[in-house]
Amino acid sequence: MNIPLLNLKRQYKYLKDDIEKIISEILERGAYINGPYTKKFEKRLCEYLNVKHAIGVANGTDALVITLKALGIKEGDEVITTPFTFFATAEAISVVGAKPVFVDVKLNDFNIDPEKIEAAITERTKAIMPVHIFGTLADMDAINEIAKKYNLYVIEDACQAIGAEYKGIKVGGIGDIACFSFFPTKNLGTYGDGGLITTNSDELATICRAIKAHGSGENGEKAFNLLNDIHEEVQEDKNADDTVYNPKKYYNYLIGHNSRLDELHAGILNVKLDYLDEWNNKRIINAEFFDSNLKDSEFRLMDLDTINKNVYHMYILQSENREEITKKLSENGIGYGVYYPVPLHLQKVYTELGYKEGDLPNAEYLSKRTFAIPVDPELTEEEKEYILNILKK
């Protein structure tokens, strides 16, 4: 058999007619930026995630950078986060000039350990950025409580966790602001890059909308005032022509980004959003299959809180013999992934932060033992049995 880690071709064949119809419609209309499908998608995500604002951006990394800038986080500030995640989490903190401060993770769910956060807080700390890693939920009650105590922002990096639920509440509205990615491999992925910022704060939404579009226009003007602590309403220009020729379009108030969710991607995501819950539920079923059949094996499984709905962006196993096992998987046509072989605090780029091996032992332990096997909703029963048999061998 040949079983990829994620079967995007099989998924596309299932959606082919609907996807191509949407793409054709967008091409015929000729509106490729900020068109009706982008607006529709943002509105639907507000409803789906139960948040007040959803702001489409070009990718998940931009979502993180724009969010940090919107919170006023800058050079000299510190943001507490996890070392066991994709590089973009820490990279975004560094891009705005702040310092990532890494706190070790828990061994059961790989998420940041709230019990170790307070010791990392200094007078320069401005925010905590938990990552719902692999679609599993960080302990948001504990994190929010710490943030409230020290007057810190909470940024949910939910790039791998759309549709996951923390005690019945969907991720995206549990902290002050949240970030999502629609990279093709994500549970809700487009055919390219895409991202999203969500928040219940009118002020933060205005600033994010301004920053993502060159700091221009009416949002730019309002954002400029908000970022300068002038919390007063900007009077609308009654003489402004509300068309694409509105002169406010070319008035710039902030140094921003060119980071928009393209209309073609929004159209594709609108099609896929109809299937997201079904796909996530299939991931859960597939994960439960492997959990039940491998519980007495030599593999160590994730030990997740059953109160939460974890959506298994990846299904992770642990073994002391990772290299040998993944080699055998490959020889038998089974795709796998190693996430993440070098924890962020030991990456070459962060040498100057002064971390050394042994400082964050749980993240280091996991980086040497974890690997992912297929869990995507396109898996057939025959393929699951085949993967299980190879693993048992």
Side-chain angles (χ1 to χ4, degrees), residues 1-14 83-88 105-111 131-136 159-161 164 181 183-189 279-304 310-344 346-347 362-393:
M1 289 185 120
N2 182 18
I3 308 171
L5 183 61
L6 178 64
N7 200 327
L8 291 175
K9 289 182 180 179
R10 188 178 289 173
Q11 186 189 84
Y12 171 66
K13 286 180 181 178
Y14 180 73
F84 193 67
T85 183
F86 181 59
F87 182 61
V105 297
K106 297 182 292 179
L107 288 176
N108 67 309
D109 62 11
F110 313 158
N111 280 294
V131 179
H132 301 302
I133 194 70
F134 305 132
T136 69
C159 287
Q160 300 182 4
S181 168
F183 187 76
T185 61
K186 297 298 193 289
N187 294 33
L188 180 64
W279 289 340
N280 280 343
N281 288 336
K282 285 183 178 178
R283 287 175 179 272
I284 293 168
I285 290 169
N286 292 342
E288 289 174 345
F289 169 84
F290 289 118
D291 278 347
S292 61
N293 285 286
L294 294 172
K295 63 183 178 181
D296 296 323
S297 71
E298 292 184 5
F299 295 109
R300 182 169 178 177
L301 313 178
M302 298 181 82
D303 181 18
L304 303 179
N310 302 289
V311 294
Y312 296 97
H313 169 58
M314 294 291 172
Y315 182 84
I316 305 296
L317 293 172
Q318 297 178 53
S319 175
E320 300 283 358
N321 303 307
R322 180 175 69 187
E323 186 174 347
E324 181 182 355
I325 291 165
T326 53
K327 180 182 177 183
K328 290 294 183 184
L329 289 173
S330 183
E331 288 172 355
N332 285 277
I334 299 171
Y336 69 91
V338 173
Y339 307 96
Y340 297 93
V342 182
L344 298 187
L346 297 181
Q347 292 284 352
N362 289 352
E364 295 166 27
Y365 174 86
L366 293 170
S367 71
K368 294 179 175 65
R369 294 168 52 87
T370 54
F371 64 98
I373 62 171
V375 75
D376 61 289
E378 282 70 43
L379 273 181
T380 66
E381 293 300 316
E382 182 183 9
E383 287 170 336
K384 287 194 294 186
E385 291 287 351
Y386 178 76
I387 294 167
L388 178 64
N389 287 335
I390 297 300
L391 284 169
K392 285 184 173 181
K393 287 181 182 180

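For this chain, numbers begin at 1 and follow the sequence in order.
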d(Leu391 CG, Glu298 CD) to nearest 0.5 Å is 12.5 Å

Does any N or O in the side chain of Asn108 come within less than 3.5 Å of the main-chain N or O of Asp303, such that one atom is a donor and the other an acceptor?
yes

CZ/Phe371: more than 12 non-hydrogen atoms of other groups inside 6.0 Å
yes

With a 4.5 Å cut-off on side-chain heavy atoms, are Val105 and Ile133 touching?
no

Original post:
Quick one: does Ile284's side chain get under 4.5 Å of Tyr312's, heavy atoms only?
Top reply: yes

One should read off an interatomic distance between Lys392 NZ and Phe299 CZ, to the nearest 0.5 angstrom, of 11.0 Å

Tightest non-hydrogen contact, residues Gly335 and Pro374, listed as O-CD, 3.2 Å

**OP:** May I ask you to check whether Tyr315 and Asp291 show a side-chain donor-acceptor distance below 3.5 Å?
**Re:** yes

Exercise. May I ask you to check whether over 12 heavy atoms, not counting those of Lys368, lie within 6.0 Å of atom NZ?
Key: yes

Closest non-hydrogen contact found for Leu8 with Pro184 is CD2-O, 3.5 Å

- Query: Going by the angle between their ring planes, with limits at 30° and 60°, are Tyr340 and Phe134 parallel, tilted or perpendicular?
  - Reply: parallel

- Task: State, yes or no, whether a side-chain contact exists between Leu107 and Arg300 at a heavy-atom distance under 4.5 Å.
- Result: yes

The reported gap from CG in Leu388 to CG in Asn293 (rounded to nearest 0.5 angstrom) is 4.5 Å

Item to complete: Test side chain to side chain contact (heavy atoms under 4.5 Å, CB included) on Ile334 and Tyr386 and set out the steps.
Response: CA-CA 9 Å; Ile334 299 171; Tyr386 178 76; 3.8 Å; yes

Next item on the list: Please check if atom CD in Glu382 has more than 12 non-hydrogen atoms from other residues, nucleotides or ligands closer than 6.0 Å.
Entry: no

Do side-chain atoms of Thr370 reach the backbone of Tyr339 as a donor and acceptor pair under 3.5 angstrom? yes

Output for pair (Asn280 CG, Ile285 CD1), nearest 0.5 Å, gives 11.0 Å

_N-O pairing of Lys327 and Glu324 below 4.0 Å_ = no

When rounded to the nearest 0.5 Å, the distance separating NE2 of His313 from CG of Leu6 is 8.5 Å

Exercise. Cut-off 3.5 Å, side chains only: do Asp376 and Asn7 have a donor facing an acceptor?
Worked result: no

request  = Give a yes or no answer on whether the side chain of Ser292 reaches the backbone of Phe289 with a donor-acceptor pair at less than 3.5 Å.
outcome  = yes

Closest non-hydrogen contact found for Ser330 with Tyr336 is CB-CE2, 4.0 Å

- Donor-acceptor pair, side chain of Arg369 and main chain of Arg322, under 3.5 angstrom: no

Residues Met314 and Val375: closest non-hydrogen pair is C-CG1, 4.3 Å

Correct closest heavy-atom pair for Ala363 and Pro83 would be CB-CG, 3.6 Å

Partner of Ile373 under side chain to side chain contact (heavy atoms under 4.5 Å, CB included), picked from Asn286, Ile316, Leu317, Leu5, is Leu317

- Query: Would a 4.5 Å heavy-atom cut-off, applied to side chains only, mark Asn332 and Ile387 as touching?
  - Reply: no

Nearest heavy-atom approach of Lys186 to Cys159 is CE-O, 3.0 Å

One should read off an interatomic distance between Glu385 CD and Glu383 CD, to the nearest 0.5 angstrom, of 11.5 Å

Report task. Could you go through the side chain to side chain contact (heavy atoms under 4.5 Å, CB included) check for Thr380 and Arg10 one step at a time? Result -> CA-CA 11 Å; Thr380 66; Arg10 188 178 289 173; 3.7 Å; yes

* Enclosure of Tyr14 OH (heavy-atom neighbours >12, cutoff 6.0 Å) -> no

Q. Quick one: are Lys393 and Lys328 in side-chain contact, heavy atoms under 4.5 Å?
A. no

Just by distance, do the side chain of Asp109 and the backbone of Leu304 share a donor-acceptor pair under 3.5 Å? no

Legend entry - Student check: side-chain heavy atoms of Phe110 and Gln318 closer than 4.5 Å: yes

